[in-house]
Amino acid sequence: MRVVSGMRPTGKLHLGHYFGVIRNWVELQNKHECFFFIADWHALTTAYKNTKELRKNVRELMIDWLALGLDPEKSTLFIQSKVPEHAELFLLLGMLTPKSWLELNPTYKDLKYNLLRLTELQRELRKRVEDRVSDIVSLLPVEIKDKERFREHILESLTETLIEAVFEGEIEPQLLKKLNVSKRDYYETDTFGFLGYPVLQSADILIYKGEAVPVGEDQLPHIELSREIARRFNRLYREIFPEPKALLTETPKIPGTDGRKMSKSYNNAVYFSDTPEEVRNKVMKMFTDPQKIRKNDPGHPERCPVFAWHKLFTKEGLEEIKSACKTGKLGCVECKRLLLENLERFLSPIREKRRELKEREKEIEELFYESSKKARAIAKETMEQVREAMNLP
Ligand code: TRP
């Protein structure tokens, strides 16, 4: 079975990435032929305005992958943009993908919704400066013609400046909360590239004739679309692509330190790049069962993020911890200390590995470039078949 998956280089990895996806990849590489790539083009579908960090993020991701156990001897680890055939297939698949399939994609619908909220924010901010601007404009000498255009122009650029300030957290973060918009929505504009995101993703998979795609749950609609695109291609021209199936992880999800989904934007993640002190602080501040207020109150482990973490990191004594919590014998501070010890047993070798790998950064980059060539050779073969099937010269 051929396995294909990718990850966007959007910054450092946290425990959620590991338990959500990477752990699965690490296991799959022992049994199957695997292609894992850094989806740098996909990162650009949202973060195209500021690409300053892109290279650094790509390098960081290489290091995190290797530190977490992806093995270049077992899997082909490469970089999407180093295999330009992905773009060619993307283009051709774009020809046969109905626009409605993309517009109905939940991620795209979310974006649309968020853009609507953004418009609301714009309207709100505009309202707040409108009177002032009108006052100022009315003070302008009568000779100035076209005051209305002038007013519109000032209003527009002032609103834009305000929005940026709001997103930078300089003013009115409450307003963002109230209107339920995030910084991300602002940078994700309504572009052709974003609409085409799942088509590019389909090209990524199909170009290797991927059969299984290990991803997080949030990716299911995208994989479904890849299947539909493959089917449509096969029907229109020739049976070239297998229909890829999504593979979800069996491992339970790890909640963030506050019990919500672990995410950079919630500020509730533990990163592999965190120092032991940072990890310690985060763990000691973790949310626990809200009904366990005093040390001796009986707790409810199933409702407690600390216990959810114990389940992943505590190999021995899990049952004891559970019952000691329930009977009020184990206080939360002590419980967190135990967790921290086990968590560090997991994290410290990874931290050490990262440090080692960082010293060989150039070499690792080279390695990814080299295996991109290997991936490219396969991609080229598929493209030959595709061109032929579509009667391209
Ligand atoms: N969209 C995926 C994500 O955000 C990344 C990705 C890009 C991908 N291309 C892919 C995943 C192809 C699987 C297969 O996680």
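Numbering of ligands and ligand atoms starts at 1, following listing order.
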Under 3.5 Å, is there a donor-acceptor pair between the [X] and [Y] side chains?
{"X": "Lys282", "Y": "Thr257", "result": "no"}
{"X": "His222", "Y": "Gln219", "result": "yes"}
{"X": "Gln291", "Y": "Arg303", "result": "yes"}

For [atom], find the nearest protein heavy atom and state the residue, atom name and distance (0.1 Å precision).
{"atom": "atom 9 (N) of ligand 1", "answer": "Asp204 OD2, 2.7 Å"}
{"atom": "atom 7 (C) of ligand 1", "answer": "His42 ND1, 3.3 Å"}
{"atom": "atom 8 (C) of ligand 1", "answer": "Gln201 NE2, 3.5 Å"}
{"atom": "atom 3 (C) of ligand 1", "answer": "Gln219 NE2, 3.2 Å"}
{"atom": "atom 1 (N) of ligand 1", "answer": "Tyr197 OH, 2.7 Å"}
{"atom": "atom 5 (C) of ligand 1", "answer": "Gly6 O, 3.5 Å"}

Do the ring planes of [X] and [Y] sit parallel (below 30°), tilted (30 to 60°) or perpendicular (above 60°)?
{"X": "Phe35", "Y": "Phe78", "value": "perpendicular"}
{"X": "Phe36", "Y": "Trp25", "value": "parallel"}
{"X": "Trp309", "Y": "Phe313", "value": "perpendicular"}

Provide the number and element of each atom of ligand 1 under 4.0 Å from a heavy atom of [X].
{"X": "Val213", "answer": "13 (C), 14 (C)"}
{"X": "Ala39", "answer": "7 (C)"}
{"X": "Val215", "answer": "11 (C), 13 (C)"}
{"X": "Phe37", "answer": "9 (N), 10 (C), 12 (C)"}

Check your understanding: Is there a side-chain contact between Asp289 and Asp297, using heavy atoms and a 4.5 Å cut-off?
Key ->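 Contact flag for Asp289/Asp297 side chains = no.
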
Exercise for review: Would you check if the distance from the ring center of His86 to the ring center of Tyr208 is below 6.0 Å?
Suggested key: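 Close enough - the centres of the two rings lie under 6.0 Å apart.
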
Residue-level breakdown please: for [X] versus ligand 1, do any non-hydrogen atoms fall below 4.0 Å on the side chain, on the backbone, on both, or on neither?
{"X": "Ile205", "answer": "side chain"}
{"X": "Gln80", "answer": "neither"}
{"X": "Ser5", "answer": "both"}

Practice item. Step through the shown structure and confirm whether more than 12 heavy atoms of other residues, nucleotides or ligands are within 6.0 Å of CZ on Arg354. Key: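 More than 12 heavy atoms, drawn from other residues, nucleotides or ligands, come within 6.0 Å of this atom.
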
